[in-house]
Amino acid sequence: MVCLINYRRIMPEGPSIIILKELILPFKGKKILDATGNASIEMDRLKNKKILDIRSWGKQLFLVLDKITVRIHFLLFGSYSLHEQVKPDKSVRLCLKFKNGTVYFYTCSVRILEENIDSLYDWSADVMSDKWNPGKARKKLKDHPQLMACDALLDQQIFSGVGNIIKNEVLYRIYLHPETRIQHIPPRKLTELINEARNYSFDFLKWKKEYVLKKHWLVHTKKICKRCELPVIKKYCGITKRRTFFCVNCQRLYPSNV
DNA sequence: TGCCATGTTAAACT
DNA sequence: GAGTTTAACATGGC
């Protein structure tokens, strides 16, 4: 067992936020003794406040205090460390000191939300959540018949927490071409899409915890298809224009002419 | 060394 | 105003 408590990691997709949430669980119920950093928030509003709850929605982390909530989003380059600071002071965006430890956040978006966060987010859209509702996801997909599968998976209102890696792996797993439009996906295939968005996210979580995530990528960043050994296509697909890896031989484009 | 990426927002355009 | 494009953020792996 390797102790990685001081280790900084980059963050982006939903499962990584779950890992962080678990790591900082010891701070739940604890008082913030000091809050520092270059985030453009009033640090005084955090000082001497208790962390009432630690929650997440997709790629966002929430530290719930009395009346306000600190929202942290790691964007593309965000990272954190626990207990031990590994970067020079000025790069620390937010540092929270507790009696039982310290957490540091880097290169992330930090905001204070005044509203009750329950009314701000659709918690049933979070693929990692107990409140995840596949039926509701299906309904939302039906409302966007023109949307390509690759764009739908990245839509945080439908699949909160899904990122580009998960997108590519899910589509490969279910043999679906990224540019297939929702209206053309057969019902059973659509069910697979919705279910795999959640399933793969939990596999991602498990592998990430064991530091073997990359090893399990089937198509993301790959050059050759593991199934048919034909070249994997790399294309910036859909309205999101994100890197998409897929096999035209194995992943079916609907409607199909064949 | 330079390019590019697990992401999102907001300004700058048409 | 709407929809679309671009910039900004600013780290680290290859």
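On a predicted model such as this, the values are computed, not experimentally measured, just so you know.
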Integer angstrom distance from the C1' of B:dT6 to that of C:dT5: 23 Å
By side-chain contact (heavy atoms from CB on, under 4.5 Å), which residues pair with A:Tyr254, not counting sequence neighbours? A:Leu176, A:Thr180, A:His184, A:Pro186, A:Lys189, A:Arg252
Chi angles and distances behind the side chain to side chain donor-acceptor pair (under 3.5 Å) call for A:Thr191, A:Arg138: CA-CA 8 Å; A:Thr191 304; A:Arg138 196 180 195 98; 2.9 Å; yes
Min side-chain heavy-atom separation A:Asp203-A:His216 under 4.5 Å: no
Contact list please: residues 115-125 of chain A against DNA chain B, heavy atoms, distance less than 4.0 Å, in numerical order. none
A:Leu33: side-chain contact (heavy atoms from CB on, under 4.5 Å) partners, not counting sequence neighbours: A:Lys31, A:Lys99
Which pairs pass salt bridge (charged side-chain N to carboxylate O under 4.0 Å, His left out) with one or both residues in residues 143-161 of chain A, sequence neighbours excluded? none
Under the rule for salt bridge (Lys or Arg N to Asp or Glu O under 4.0 Å), what residues qualify as partners of A:Glu196, not counting sequence neighbours? A:Arg173
Distance check needed: C:dT11 P versus A:Leu75 CG, whole Å only. 13 Å
Looking at A:Lys59, I'd like to know whether one of its side-chain N or O atoms comes within less than 4.0 Å of OP1 or OP2 on B:dT6. no
Is the backbone of A:Pro12 close enough, under 3.5 Å, to the side chain of A:Ser16 for a donor and an acceptor to pair up by distance? no
Using atom CH2 of A:Trp217 as one end and atom P of B:dT6 as the other, report the distance to the nearest whole Å. 8 Å
Quick one: salt bridge (Lys or Arg N to Asp or Glu O under 4.0 Å) partners of A:Asp122, sequence neighbours excluded? A:Lys136, A:Lys140
A:Lys21 and A:Ser56 side chains, donor-acceptor separation under 3.5 Å: yes
Single-linkage hydrophobic cluster A:Ile166~A:Ile17, side-chain heavy atoms < 4.5 angstrom: yes
For the hydrophobic clusters of this structure (ILVMFWY residues joined by side-chain heavy atoms under 4.5 Å, transitively), does one cluster hold both A:Val162 and A:Ile174? yes
Taking 4.0 Å as the cut-off, does a side-chain nitrogen or oxygen of A:Arg93 come that near to OP1 or OP2 on C:dC9? no
If we take the P atom in both B:dT1 and C:dA10, what is their distance in whole Å? 22 Å
Return yes when atom NZ of A:Lys30 has more than 12 non-hydrogen atoms of other residues, nucleotides or ligands closer than 6.0 Å, and no otherwise. yes
Enumerate the residues from residues 231-247 of chain A whose closest heavy atom to DNA chain B is under 4.0 Å, giving them by residue number; use none for an empty result. A:Lys234, A:Tyr236, A:Arg242, A:Arg243
Could you give all pairs that pass the side-chain hydrogen bond (donor to acceptor under 3.5 Å, both in side chains) test and reach residues 62-73 of chain A, with sequence neighbours left out? A:Gln60-A:Arg71
For A:Gln183, does the CD atom sit with more than 12 other heavy atoms under 6.0 Å from it, leaving out its own atoms? yes
Please convert DNA chain C into dot-bracket. A pair counts if it is Watson-Crick or G-U wobble with both distances under 3.5 Å; crossing pairs go in [ ] and bases paired with another strand get |. .||||||||.||||
Whole-Å gap separating P (B:dT6) and CG (A:Leu154): 10 Å
Report the distance from atom CD of A:Gln60 to atom C1' of B:dT6, rounded to the nearest whole Å. 15 Å
Does any residue of residues 158-172 of chain A have a heavy atom under 4.0 Å from DNA chain B, and if so, which ones, in number order? A:Gly163, A:Asn164, A:Ile165
A:Leu113 CG - B:dT9 P separation (whole Å): 12 Å
Could you state the atom-to-atom distance from CD1 of A:Ile72 to C1' of B:dG7 in whole Å? 16 Å
Common cluster, A:Leu171/A:Phe246, ILVMFWY with side-chain heavy-atom separation under 4.5 Å: no
Presence of A:His73 side-chain N/O under 4.0 Å of B:dG7 phosphate oxygens OP1/OP2: no
For residues 225-235 of chain A, dump all side-chain donor-acceptor pairs below 3.5 Å to protein atoms at least two apart in sequence or in another chain.
from: A:Arg227; atom 1: NE; to: A:Tyr175; atom 2: OH; distance (Å): 3.4
from: A:Arg227; atom 1: NH1; to: A:Tyr172; atom 2: O; distance (Å): 2.9
from: A:Arg227; atom 1: NH2; to: A:Tyr172; atom 2: O; distance (Å): 3.0
from: A:Lys235; atom 1: NZ; to: A:Glu179; atom 2: OE1; distance (Å): 3.3
from: A:Lys235; atom 1: NZ; to: A:Glu179; atom 2: OE2; distance (Å): 2.7

Just say parallel, tilted or perpendicular for the rings of A:Tyr80 and A:Phe74, cut-offs at 30° and 60°. perpendicular
Round to a whole Å and report the spacing from CD of A:Glu13 to C1' of B:dG7. 10 Å
Roughly, in whole Å, what's the span from CH2 in A:Trp207 to P in B:dT6? 18 Å
Between B:dG7, C:dG13, C:dT11, spot the one nearest the side chain of A:Thr107, thanks. C:dT11
Tabulate protein N/O versus nucleotide N/O from nucleotides 10-14 of chain B, keeping only pairs under 3.5 Å, one per line.
none

